[in-house]
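As structure tokens, the structure follows; a few thoughts come after it.
Here is the naming used below: chain letters follow the sequence lines, and residue numbers restart at 1 for every chain.
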There are 2 protein chains.
Amino acid sequence: MSKLSREAVIRRALALADAEGVDAVTVRRLAGELDVTPMALYWHFKNKEELLTAVADHLLAGVARPAEFGGPWQTRLRTMVRTLIETMREHPSLPLLFHVAEKERIGSFTRATDIALGLLAEAGFSLEEGYWVSSYLLNGAITLVNGRPDCPGGIRPEEAEERRKQHRLALEALPEQEYPYISAYAETMRAAPDVERYFSFGLDLLMCGVEAMAARIAPASATPNNTA
Amino acid sequence: MSKLSREAVIRRALALADAEGVDAVTVRRLAGELDVTPMALYWHFKNKEELLTAVADHLLAGVARPAEFGGPWQTRLRTMVRTLIETMREHPSLPLLFHVAEKERIGSFTRATDIALGLLAEAGFSLEEGYWVSSYLLNGAITLVNGRPDCPGGIRPEEAEERRKQHRLALEALPEQEYPYISAYAETMRAAPDVERYFSFGLDLLMCGVEAMAARIAPASATPNNTA
DNA sequence: ACCTGAACACCGTTCAAGT
DNA sequence: ACCTGAACACCGTTCAAGT
């Protein structure tokens, strides 16, 4: 009974990353959890980067095959971005994982990019511009989830609350004359963060940029149903 | 003659990061370049993170005190973001540096945020929304510079060109029926990348999002000179 | 084909000791 | 105040060897 397989390693790595952060995923630690020698992993993966890339690929699979499609490009693109954000919200380690994995080598990322490029071509962007916009949306979604106020960087909620308090105290200690807006902002940090508002505002912000640029480039077809 | 000082360490660390990437900045390597024992650095810095945060702080100083100010909030905010982008373009290591440094602890970042919050309050955003927008702009600028086609991630131009070619070949190898847009995009990669267009498009994209959201929130004061 | 053991060349950091 | 020496507890990875 060969216990080890690519699949098993990926699942364990993801569980470990979600539980203790992506920094906890070391070759030795992961091997220990799988009751195996560190070097055993090198038979299944060329190196650590390929391992983490495989984890990212596994997670992005859901984004690459979007379910409910239809309607103008704006809503379809928005659905993709929302799906991406929701996937990452379920796996808080994913944002940091993207920083170490090479995005070009993630198969499901390539798949998702092709779909997005199609939608953006419909919006009037050139292929190159579409690629830039795709990357803007992907990275925007990543940093949005990574900066979520309840568990930034995928840390544990208790630690996040403590950090938030320390951050507030640090901001409140600043001279109010020199930092008038920061001081006022620190006041608003006394309340618990509204995570849903944070995400809906962030999604709107991201999509607003794309739609405004599309309207600038192709004003005539900005709304999808006026071509004839 | 005490050769070592906080300033000297920061300068060396920045030079090393720019020359060989931020990964090359290890405590031991940096100490070696300064002709000193690794532990000597621990007298001037609590740990490595504080060291890198100091480097980031040093670099962001120029953004925190913007020069040519005036005009409506849109152009002033755009100037800040452009300055930030230009600063990072001069130091390609900076984007990755932000990922390891804790942004909240960077003094010049706090200063820049206060200025931005003021401009965004003028635009009609609440303090909390303003903070989200600031973070959106900072991270957007970081990923924009980090993804520049001529030296993504701050790698050397020759290596970037080789990687770009490999990336193109990988995309061209994909089945054209399944990846129609990616395949067409790969064709455009044969030409040398237009870096200036990349950056101006990216800046427009970032600012478009903010301006469109501002117009949605406070349509009456979307243009600055119609309040009376 | 799949895994182990030992070793290599690194890390960041602590702590007592020097001057 | 400022720096050194030795040591600790880790890393990722290679390479020959086992089954």
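- Summarising the geometry, the separation between NZ on A:K48 and P on D:dT14 is reported as 14 Å, rounded to the nearest angstrom.
- Phosphate proximity of D:dA1 to B:H44: absent, as no side-chain N or O sits under 4.0 Å from OP1 or OP2.
- For the C1' atoms, the distance linking D:dA17 with C:dA1 amounts to 15 Å, nearest Å.
- Annotation: A:E176, atom CD; neighbour count of heavy atoms from other residues, nucleotides and ligands within 6.0 Å does not exceed 12.
- A salt bridge links B:R11 and B:E7; the closest N-O separation between the charged side-chain nitrogens and carboxylate oxygens is under 4.0 Å.
- Smallest separation of non-hydrogen atoms from A:L30 and A:V25: CD2-CG1, 4.4 Å.
- With respect to B:E20 and B:R29, a salt bridge is recorded, a charged nitrogen being found less than 4.0 Å from a carboxylate O.
- Within 6.0 Å of atom CG in B:D23, 12 or fewer heavy atoms from other residues, nucleotides or ligands are found, so the atom counts as exposed in its surroundings.
- Here D:dT13 presents its C1' atom at 14 Å from CD of A:E50, a figure rounded to the nearest Å.
- Remark: P of C:dG12 and CZ of B:F45 are 14 Å apart, rounded to the nearest angstrom.
- The stretch residues 33-43 of chain A touches DNA chain D through A:M39, A:Y42, each having a heavy atom under 4.0 angstrom from the strand.
- With respect to A:E128 and B:R197, a salt bridge is recorded, a charged nitrogen being found less than 4.0 Å from a carboxylate O.
- Residue-environment remark: CD (A:E104) exceeds the threshold of 12 foreign heavy atoms within 6.0 Å.
- In this structure, A:R6 atom CZ and C:dC2 atom C1' are separated by 15 Å, rounded to whole Å.
- In terms of heavy-atom proximity, B:D114 sits nearest to A:E178 at OD2-O, 3.7 Å.
- Taking a pair as Watson-Crick or G-U with both hydrogen-bonding distances under 3.5 Å, the stems of three or more pairs touching DNA chain D are C:4-8 with D:12-16, C:12-16 with D:4-8.
- Distance CG (A:L4) to C1' (C:dC2): 9 Å, rounded to an integer number of Å.
- Near-neighbour residues of DNA chain D inside residues 25-32 of chain A, defined by a heavy atom below 4.0 Å, number-ordered: A:T26, A:V27, A:R28.
- Checking each of A:R164, A:Q166, A:E158 against A:E162 for a side chain to side chain contact (heavy atoms under 4.5 Å, CB included) leaves exactly one that passes, namely A:Q166.
- Here A:E172 does not pair with A:K165 in a salt bridge; the nearest charged N to carboxylate O distance is not below 4.0 Å.
- Closest non-hydrogen pair, A:F98 versus A:I106, comes out as CE2-CD1, 4.0 Å.
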